[in-house]
Protein chains: 4
Amino acid sequence: MDEIDVSTAFSRAPGRPREPQTDERILDAALRLMAQQGFVRMSMDMVATEAGVTKPTIYRRWPSKIELAMAALVAYCDVTLPTVVGDTRTDLITELEHFRHAILRPNGMSLLGTVLAEEHETPELLAAFRKYLVTPRRQRLTAILAAAQTRGELSANADIGLAVNMLVGALYAQYLAATPFTEDWCTRVVDAVLVCLGHRTNADKAG
Amino acid sequence: MDEIDVSTAFSRAPGRPREPQTDERILDAALRLMAQQGFVRMSMDMVATEAGVTKPTIYRRWPSKIELAMAALVAYCDVTLPTVVGDTRTDLITELEHFRHAILRPNGMSLLGTVLAEEHETPELLAAFRKYLVTPRRQRLTAILAAAQTRGELSANADIGLAVNMLVGALYAQYLAATPFTEDWCTRVVDAVLVCLGHRTNADKAG
Amino acid sequence: MDEIDVSTAFSRAPGRPREPQTDERILDAALRLMAQQGFVRMSMDMVATEAGVTKPTIYRRWPSKIELAMAALVAYCDVTLPTVVGDTRTDLITELEHFRHAILRPNGMSLLGTVLAEEHETPELLAAFRKYLVTPRRQRLTAILAAAQTRGELSANADIGLAVNMLVGALYAQYLAATPFTEDWCTRVVDAVLVCLGHRTNADKAG
Amino acid sequence: MDEIDVSTAFSRAPGRPREPQTDERILDAALRLMAQQGFVRMSMDMVATEAGVTKPTIYRRWPSKIELAMAALVAYCDVTLPTVVGDTRTDLITELEHFRHAILRPNGMSLLGTVLAEEHETPELLAAFRKYLVTPRRQRLTAILAAAQTRGELSANADIGLAVNMLVGALYAQYLAATPFTEDWCTRVVDAVLVCLGHRTNADKAG
DNA sequence: GATGAATGAGTGTTCATTCAT
DNA sequence: CATGAATGAACACTCATTCAT
């Protein structure tokens, strides 16, 4: 580059620029600690130590522990999504498999637990969790099923909202029961739910 | 026994008797605080204050905070159970309704959250929750469905474990979605799951 | 015994008699704990547990922790004494050997430390220690040396008080230096001190 | 170095500087409390109050009560030493006088008592006391006597270790006996010990 | 903008002692 | 007389947050 980049030379913030990657390191540490030990046990000291910064460095970015936890949670929710191929059963299985991995990744359920446990003391956490994780996932599942219904694959009066509950909820219940997940677990859940919905492919109808 | 039980009629426990109802007041306070604020935030000071006793009075009964929390949790799990009448659909609805009330009672989900959040730091809590609440409920649901299968109401290859997951899990999912429960919610879940299981009553078969 | 022992039948204290040996068990436990952990760390709960009694049982005998500690200390000081044979050197060695065993018995120096450490908070302990242990021992040593001086074995102007200090103190110093005691340690101390005192036996003088 | 040391001349330690004199005030308070009341009774709250700081200010400097006590003890041991002039008797008297003042300074013996009392529960204290106070003093006394022996002032087979024990120990014994120290106390101890060692000055030999 | 220092309120737990039976 | 229950104050240590440089 021979020329000075005018756009950055004149528009950058005054004073010492923030260390890049520091935000990310802090959020990573906060999320890891919150998932492992819960929101209350996650101490700013430990976050600072694990992130390799000092506490005021954190407080300069987020004004309180709650804000930090929120930011970490939102970053956690921002995951790459599975792609939809158009086949109802396949897409449901893919989506559920993706969800299963999210839940079973280390401390995934502990994080959900923390969020639920803080419902009264720190309701923002559950609100963010719902907004950025629960609702989007449900919307994707709902969209897959609604498209199938539009295509005539499902009975017209099928209760899609209930189907989403059963798909997602079966995972929570299985985890709470502490019984291990088999390889074909997601497939079986999807197939069972599709039965409820009166599913038949266009091939079925043609046959 | 023709004679009066001397040990109870004439003797008396040695030492100063315990203040009556103290145990219950402590456990109530502990459970309330744990459900509202989580295990970590539940402080022995607050439990003592809310129960109207001093801390050593608590420590005389339970040797540590964890033991107290465990006792409160077990007491919470020890609820009166619905009676089974023998009709599959009715019994499932009754059971699920009972579960819904347990979950929706104040802070029921927060308590579950606390238990999940403490999975790494205080695993005893989740273990007790599973032993005294989750597993018994699943066993009752399983028993209802297994009886129905024996009577030929369900298809022989119906996956009862999966059905239980869907019944119970739908509730968790609905709660997490933050959508309100309608009056007929349980009925619709049960009916949907019974479809999956190929349910038909003997009346159906006779007809 | 065919006859009732009148002397005890009529003179014994009213009410339930105290369990014999209980006092001793309590004092033993108290002394052991005080020597091992110090006066402050010796808790009435631990004393009660180790003695197999309850705390009010202790408080009925001694009105406070300090009184109990005093009683235990006095009982500790009441040991069987070495017999004096009349030979100055032999008696000094025997006495010093006896002292050495007392100091080196488990926690002997720790007990002395506790007593010194409590000089400001619980001065009774040091006072009792001096009265029942230090002073008697010094008096025995002084008596041995005074007798020798009377017999003309020591120079007339020998400083007996200083000699006692050197005899006893050498042991403290050796302990503090953390150097091990040899077999002939006491002998060498006594011989050295006797040199200071200009000691010569009558046999010496006769020769 | 011809140049000014830039690091000290122009740079400054990063972060908020420590309140000056805080370390000293904390150590003073800790030592005073430990000497007066013993290690167990010395509470961090009291140290903080007496030093005019808050508890975390203490914990920022020393990670635990034990570490603080150790630091206070080491600071206590770090005293200015008497200078050696080369005359055996004079140097011994000076050294012993110095020791006597250390022991008799307020609570000096109580501090020694605490250190001994904690031998089992907190052995670091006695170890530090030995390392920084007992051993150095003994080494100085030993050096004085060894030099005298080299010069031929003492008999060749004089037991210097024992002599050190008697010099130092006489002080402990005198204190325990609770008899007051006279003005010429140290002189008399030294003279007595020198007799044991067969001391004669070169002047003696020349005469 | 980043640092290390400081704070006040809290944590779970134990203490010597007293009470009621 | 001995028991088990109760108390209020203290214990070492940690917290989220703010300050001074």
Side-chain angles (χ1 to χ4, degrees), chain A residues 13-19 22 40-48 52-66 68, chain B residues 11-20 22-23 40-48 52-68, chain C residues 13-19 22 40-48 52-61 63-66 68, chain D residues 12-20 22-23 40-48 52-68:
Chain A
R16 173 171 171 181
R18 287 187 179 173
E19 196 72 33
T22 294
V40 186
R41 282 193 160 95
M42 171 192 97
S43 83
M44 300 300 270
D45 265 296
M46 289 176 66
V47 173
V53 300
T54 58
K55 281 187 288 182
T57 300
I58 302 176
Y59 277 94
R60 183 162 295 275
R61 287 162 167 80
W62 299 277
S64 73
K65 179 181 173 181
I66 293 181
L68 170 62
Chain B
S11 78
R12 178 174 47 195
R16 174 173 172 177
R18 291 196 172 178
E19 212 71 39
T22 293
D23 287 52
V40 187
R41 281 192 162 95
M42 172 194 100
S43 82
M44 300 302 270
D45 263 298
M46 290 175 67
V47 172
V53 299
T54 58
K55 282 189 284 184
T57 299
I58 302 177
Y59 277 94
R60 169 162 289 275
R61 289 161 168 79
W62 299 277
S64 71
K65 178 182 173 179
I66 292 183
E67 304 278 341
L68 170 61
Chain C
R16 174 170 169 182
R18 287 187 178 172
E19 197 72 35
T22 295
V40 187
R41 282 193 160 96
M42 172 193 97
S43 82
M44 300 300 270
D45 265 294
M46 289 176 67
V47 173
V53 299
T54 59
K55 280 188 288 182
T57 300
I58 302 177
Y59 276 94
R60 184 161 295 275
R61 287 163 168 80
S64 73
K65 178 182 173 180
I66 293 180
L68 170 61
Chain D
R12 176 174 48 195
R16 173 173 173 176
R18 291 197 172 177
E19 213 69 40
T22 293
D23 287 52
V40 187
R41 280 193 163 95
M42 172 194 100
S43 82
M44 301 301 270
D45 264 297
M46 290 175 67
V47 172
V53 299
T54 59
K55 280 185 286 181
T57 299
I58 302 177
Y59 279 95
R60 168 162 290 277
R61 288 160 169 80
W62 300 277
S64 70
K65 178 182 173 178
I66 293 183
E67 304 279 340
L68 170 61

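Labels below follow one simple rule: chain letters A, B, ... track the order of the sequence lines, proteins then strands, and each chain is numbered from 1. Atom set for the values below is all heavy atoms of this structure, side chains included, hydrogens, waters and symmetry mates excluded.
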S.K.: State whether A:Thr57 places a side-chain N or O below 4.0 Å from either non-bridging phosphate oxygen (OP1 or OP2) of E:dT3.
M.R.: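 True: A:Thr57 side-chain N/O within range (under 4.0 Å) of E:dT3 OP1/OP2.
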S.K.: Of all the nucleotides listed (E:dA6, E:dC19, E:dT13), which has the minimum atom distance to the side chain of D:Glu19?
M.R.: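 Comparing E:dA6, E:dC19, E:dT13 against the side chain of D:Glu19, the answer is E:dA6.
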S.K.: By the 4.0 Å heavy-atom rule, please label D:Arg18 as base, sugar-phosphate, or nothing.
M.R.: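 Sugar-phosphate only.
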S.K.: What nucleotide among E:dG4, F:dC11, E:dT18 has an atom nearest to a side-chain atom of A:Pro56?
M.R.: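 Closest nucleotide among those given: E:dG4.
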S.K.: Report the distance from atom OH of A:Tyr59 to atom C1' of E:dA5, rounded to the nearest whole Å.
M.R.: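 Going from A:Tyr59 (OH) to E:dA5 (C1'), I get 15 Å.
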S.K.: In whole angstrom, what separates B:Lys65's NZ from E:dG12's P?
M.R.: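 Distance check: B:Lys65 NZ to E:dG12 P gives 4 Å.
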S.K.: Need one value for D:Met42: base, sugar-phosphate or nothing, where a base atom within 4.0 Å counts as base even if backbone is also close, heavy atoms only.
M.R.: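 D:Met42: backbone/sugar contact only, no base atoms under 4.0 Å.
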S.K.: Could you check D:Asp45 against D:Thr54 and say which one's nearest nucleotide on DNA chain E is further toward the 5' end?
M.R.: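 The residue mapped nearer the 5' terminus is D:Thr54.
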S.K.: Should F:dT21 form a Watson-Crick or G-U wobble pair with both distances under 3.5 Å, which nucleotide is its partner?
M.R.: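 E:dA2 - that is the nucleotide pairing with F:dT21, both distances being under 3.5 Å.
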S.K.: I want to check something: taking the side chain as every heavy atom from C-beta on, are D:Val53 and D:Glu19 in contact at a cut-off of under 4.5 Å?
M.R.: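 No, their side chains stay 4.5 Å or more apart.
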S.K.: Could you check whether any side-chain heavy atom of B:Met44 comes within less than 4.5 Å of a side-chain heavy atom of B:Leu68, counting everything from C-beta outward?
M.R.: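 Side chain of B:Met44 against side chain of B:Leu68, heavy atoms only: contact under 4.5 Å found.
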S.K.: Using a 4.0 Å heavy-atom cut-off, does A:Ser43 contact any base of the nucleic acid, only the sugar-phosphate backbone, or nothing at all?
M.R.: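 Sugar-phosphate contact only - A:Ser43 comes under 4.0 Å of backbone atoms but never of a base.
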S.K.: Indicate whether OP1 or OP2 belonging to F:dA16 is found under 4.0 Å from a side-chain N or O atom of A:Ser64.
M.R.: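 No.
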S.K.: For the pair made of CG in C:Leu68 and C1' in E:dC15, what is the distance, rounded to whole Å?
M.R.: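 One finds 15 Å between C1' of E:dC15 and CG of C:Leu68, rounded.
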S.K.: Is the side chain of B:Lys65 donor-acceptor paired with the backbone N or O of B:Met42 at a distance under 3.5 Å, no angle test?
M.R.: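 Confirmed, B:Lys65 side chain pairs with B:Met42 backbone.
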S.K.: Distance check needed: F:dT3 P versus B:Arg60 CZ, whole Å only.
M.R.: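 About 13 Å, once rounded to whole Å.
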S.K.: Ignoring hydrogens and angles, does a donor from either the side chain of A:Lys55 or the base of F:dT17 sit under 3.5 Å from an acceptor on the other?
M.R.: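 By the distance-only test, yes, there is a pair.
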S.K.: Mapping D:Pro63 and B:Thr22 to their closest nucleotides on DNA chain F, which lands nearer the 5' end?
M.R.: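 Comparing both residues, the 5'-ward one is B:Thr22.
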S.K.: On DNA chain E, compare the nucleotides closest to D:Pro14 and B:Met44; which residue's is nearer the 5' end?
M.R.: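 Its nucleotide being nearer the 5' end, the pick is D:Pro14.
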S.K.: For residues C:Ala48 and C:Thr54, report the shortest heavy-atom separation together with the two atoms involved.
M.R.: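 Nearest heavy atoms, C:Ala48 then C:Thr54: CB-C, 4.0 Å.
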S.K.: What's D:Arg61 touching, base or sugar-phosphate or nothing? Going by heavy atoms closer than 4.0 Å.
M.R.: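 Touches sugar-phosphate only.
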S.K.: Atom CH2 of A:Trp62 to atom P of F:dA16: distance rounded to whole Å?
M.R.: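 About 16 Å, once rounded to whole Å.
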S.K.: Roughly, in whole Å, what's the span from CZ in B:Arg41 to P in E:dG12?
M.R.: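 Spelled out: CZ on B:Arg41 to P on E:dG12 is 13 Å.
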S.K.: CZ of D:Arg41 to CE of D:Met46: how many Å apart, nearest 0.5 Å?
M.R.: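 Rounded to the nearest 0.5 Å, the CZ-CE separation comes to 10.0 Å.
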S.K.: Rounded to whole Å, please give me the gap between CD1 in C:Ile58 and P in E:dT18.
M.R.: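 From C:Ile58 CD1 to E:dT18 P: 14 Å.
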